[in-house]
Number of protein chains: 2
Amino acid sequence: MPTLRDVAKLAGVHQSIVSRVLNDDKKTSVKEETRRRVLEAAEALGYWPNALARGLKLKSVGSLALVIPDISNPVYAEIIRGAEQEARRSGHFLLLASTEGTDPGELEFLQSLLEGRVDGVILANALVEDAVIDDLEAGRYPYVLVNRRSQRASRYVVADDAAGAMLAVNYLIDRGHRRIGHLAGPPTADTALTRKYGYRQAIEAAGIAFHEDLVIEGSYSTDSGRVGIRRLLSLKDPPTAVFAANLRVAAGAMDAARRTGTRIPEDLSVVAMHDTELAELLSPGLTTVRLPLEGLGREAVRMLLRVARGEPGPEQVVLLGAELVERESVSPI
Amino acid sequence: MPTLRDVAKLAGVHQSIVSRVLNDDKKTSVKEETRRRVLEAAEALGYWPNALARGLKLKSVGSLALVIPDISNPVYAEIIRGAEQEARRSGHFLLLASTEGTDPGELEFLQSLLEGRVDGVILANALVEDAVIDDLEAGRYPYVLVNRRSQRASRYVVADDAAGAMLAVNYLIDRGHRRIGHLAGPPTADTALTRKYGYRQAIEAAGIAFHEDLVIEGSYSTDSGRVGIRRLLSLKDPPTAVFAANLRVAAGAMDAARRTGTRIPEDLSVVAMHDTELAELLSPGLTTVRLPLEGLGREAVRMLLRVARGEPGPEQVVLLGAELVERESVSPI
DNA sequence: TCACTGTGTGCAAACGCTTCCACAATAAGA
DNA sequence: TCTTATTGTGGAAGCGTTTGCACACAGTGA
């Protein structure tokens, strides 16, 4: 790996000149002839500045950390993709850290993560402890929460989960459904609560009575969907449609429903939050609400870079743009 | 962020002592009392060494790059997960770079990737150009190819795709199938060729004639599965079973088959390569062959770190351990 | 008493870069 | 002719580490 000095020697100038030329320093002028020689030398040697040395000097290294709980979850995959794109667009790299079960000493973990090797961190991690957030706030360390709000966090970017939920439920209502169940997510997740809130809003706005027993709380897993739908279907007056808080939940529910002889959509309509490849491949194709997850990732990176540079701007962003994706899992009543 | 000097000042010693204590340097001895003071000071200040400065000095920075073509693909997600785990286990971080369509100037891209900010790079990228590999070889830069072999690459780790394919096909043969189709992947992909080879081996080993027209080459996409299965089903003597080179292909095939009134598994048995959540959520549940993808990621990291340290070891690894996962998409004939 | 061997600590250079400052040379104004 | 500004270049410090080396101070054996 050639260094600045190597280039300088070849060009017959001092390394400081090389640095200035390569960084296009406005504050100093260099003779055109010299500039040419420098550029040629750099080209000839295949010179690339060393990011470490640069970062050490400039106290900004050109990479960001993205902390997520589970890489295999397609929801996070989309957030990652958006973040990666935006990071690259602005000349940054993404350091990916997955917590997958790494709970104890998560704080240590984060601290070690920093070590000065990133300019900031994005937490797409619903499971992060409040203590971690407090710590980040106290340390004035650039960070952004994504897909999760928190009282203690001053910065986050989330999707409009409530509007998304309303969109889904209204779609069912428009098709004549009155008895609509909700397979909710874990009550510990901010997104789950918001979706549940949206569900209720839509129900009541349509003049339908809200029934607590039509809402089954669980986790964001297929099994939770299976269990939930069985409970709903065994009610004395079962729902004709359900809104699932999540694709996995919906997939589990569809599977379990089918096994008990319930046909979808003839006997039961299903709408789910999130729209990944899976929704299309299930049969029947699942009608979903698509949230701008990639946008979440992108926006988080933008906000983080702003914060890291000390620029002003919005610190709590709710990204609008939920969209209904029609497939075959809903039939009118 | 406190520095070594801050700690030294607080402990009343020179920074070199602090460095030695903290790195547990065997070559110098330090008084027990001094060591204690240093550790206390470091603790009190919440000192963490700066990875950049350290990396600059040591020429090894403690992170690796993982280059993949598509984050949303669950196959890569597993590789990423394995790599991430192994990286963390050995105290390294993973820099994730996705190429998603970034084809032009990929070489530039890689070079800039390095910039000294990683100790090596793992290419889980089937699309990487040969020129890039040549460059890496020429530059003696630590790198490992994963899930892809190449003539020009001296180091790779792949799964035993051939054995996996044979496992799948034999499973069908054991259940009485004789006319077995193969929805192959793109002929440009090493994995696709190997799977096709395995398919043929299994067929011929069972004394069944190999028919070129039972093999449909395409891409690793659902649409390719749809198109392929239509062609197979429209043969004058259509297969009773197919082996799909990939989950997406299988999902597309199942969907298209169903739409033409073909029942699965009654009329057509399906086995696919790869086993992700999707396989379980399809209906019927898809019988698959699981390849040790996480292991691929882990092994790649191990190999890379070995290479980066200049240690000897195997440079071409075929990771055994394909496993058949039985579900409901196959019926005996 | 003298050399010798450990033991414990500090000095200073180096990793590759950026940037403030000094300074030489030329050009311009008084 | 003498300042004064402008342009172009080099010197050198410093970012936070690690580590070879020097050195001071014991303790040991002759």
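Worth saying up front: this structure is predicted, and the values here are computed from it rather than measured. We use all heavy atoms of the structure for the numbers below, so side chains are in, but hydrogens, waters and symmetry mates are not. Below, read A as the first sequence line, B as the second, and so on, with proteins coming before strands; counting in each chain starts at 1.
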Exercise for the section: First locate atom CG of L56(A), then atom OG of S60(A), and finally report the distance between them rounded to the nearest 0.5 Å. Expected result: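 Answer rounded to 0.5 Å: 12.0 Å.
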Under-4.0 Å salt bridge between [X] and [Y]:
X	Y	answer
R302(A)	E299(A)	yes
R309(A)	E311(A)	yes
R37(A)	E40(A)	no
E32(B)	R35(B)	yes
R36(A)	E33(A)	yes
E137(B)	R152(B)	no

Exercise for the section: Look at the side chain of T276(A) and the backbone N and O of V75(A), then say whether any donor-acceptor pair between them is shorter than 3.5 Å. Expected result: no
Exercise for the section: Describe, as an angle rounded to 10 degrees, how the axis at the first end of the helix from dT1(C)-dA30(D) to dA30(C)-dT1(D) is tilted relative to the axis at the last end, five pairs per end. Expected result: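 The two end axes of the helix from dT1(C)-dA30(D) to dA30(C)-dT1(D) meet at 70°.
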Exercise for the section: Ignoring backbone atoms, test whether S29(B) places a side-chain nitrogen or oxygen under 4.0 Å from the OP1 or OP2 oxygen of dG8(C). Expected result: yes
Exercise for the section: Starting at the 5' end of nucleotides 11-20 of chain C, put B wherever the base has a protein heavy atom under 4.0 Å, S where only the sugar-phosphate does, and a dash everywhere else. Expected result: BB-BBBBBBB
Handout entry: Pairwise side-chain contact, L305(A) with L64(A), heavy-atom cut-off 4.5 Å (strictly under)
Key =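 Side chain of L305(A) against side chain of L64(A), heavy atoms only: contact under 4.5 Å found.
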Handout entry: Euclidean distance, atom CZ of residue R117(A) to atom P of dT17(D) [Å, nearest integer]
Key = 13 Å
Problem - cation_pi(R155(A), Y143(A)) dist<6.0 Å, angle<=45 - result: yes
Exercise for the section: Return the residues of residues 30-38 of chain B meeting this criterion: a heavy atom under 4.0 Å from some atom of DNA chain C. Order them by number, or give none. Expected result: V30(B), K31(B), T34(B)
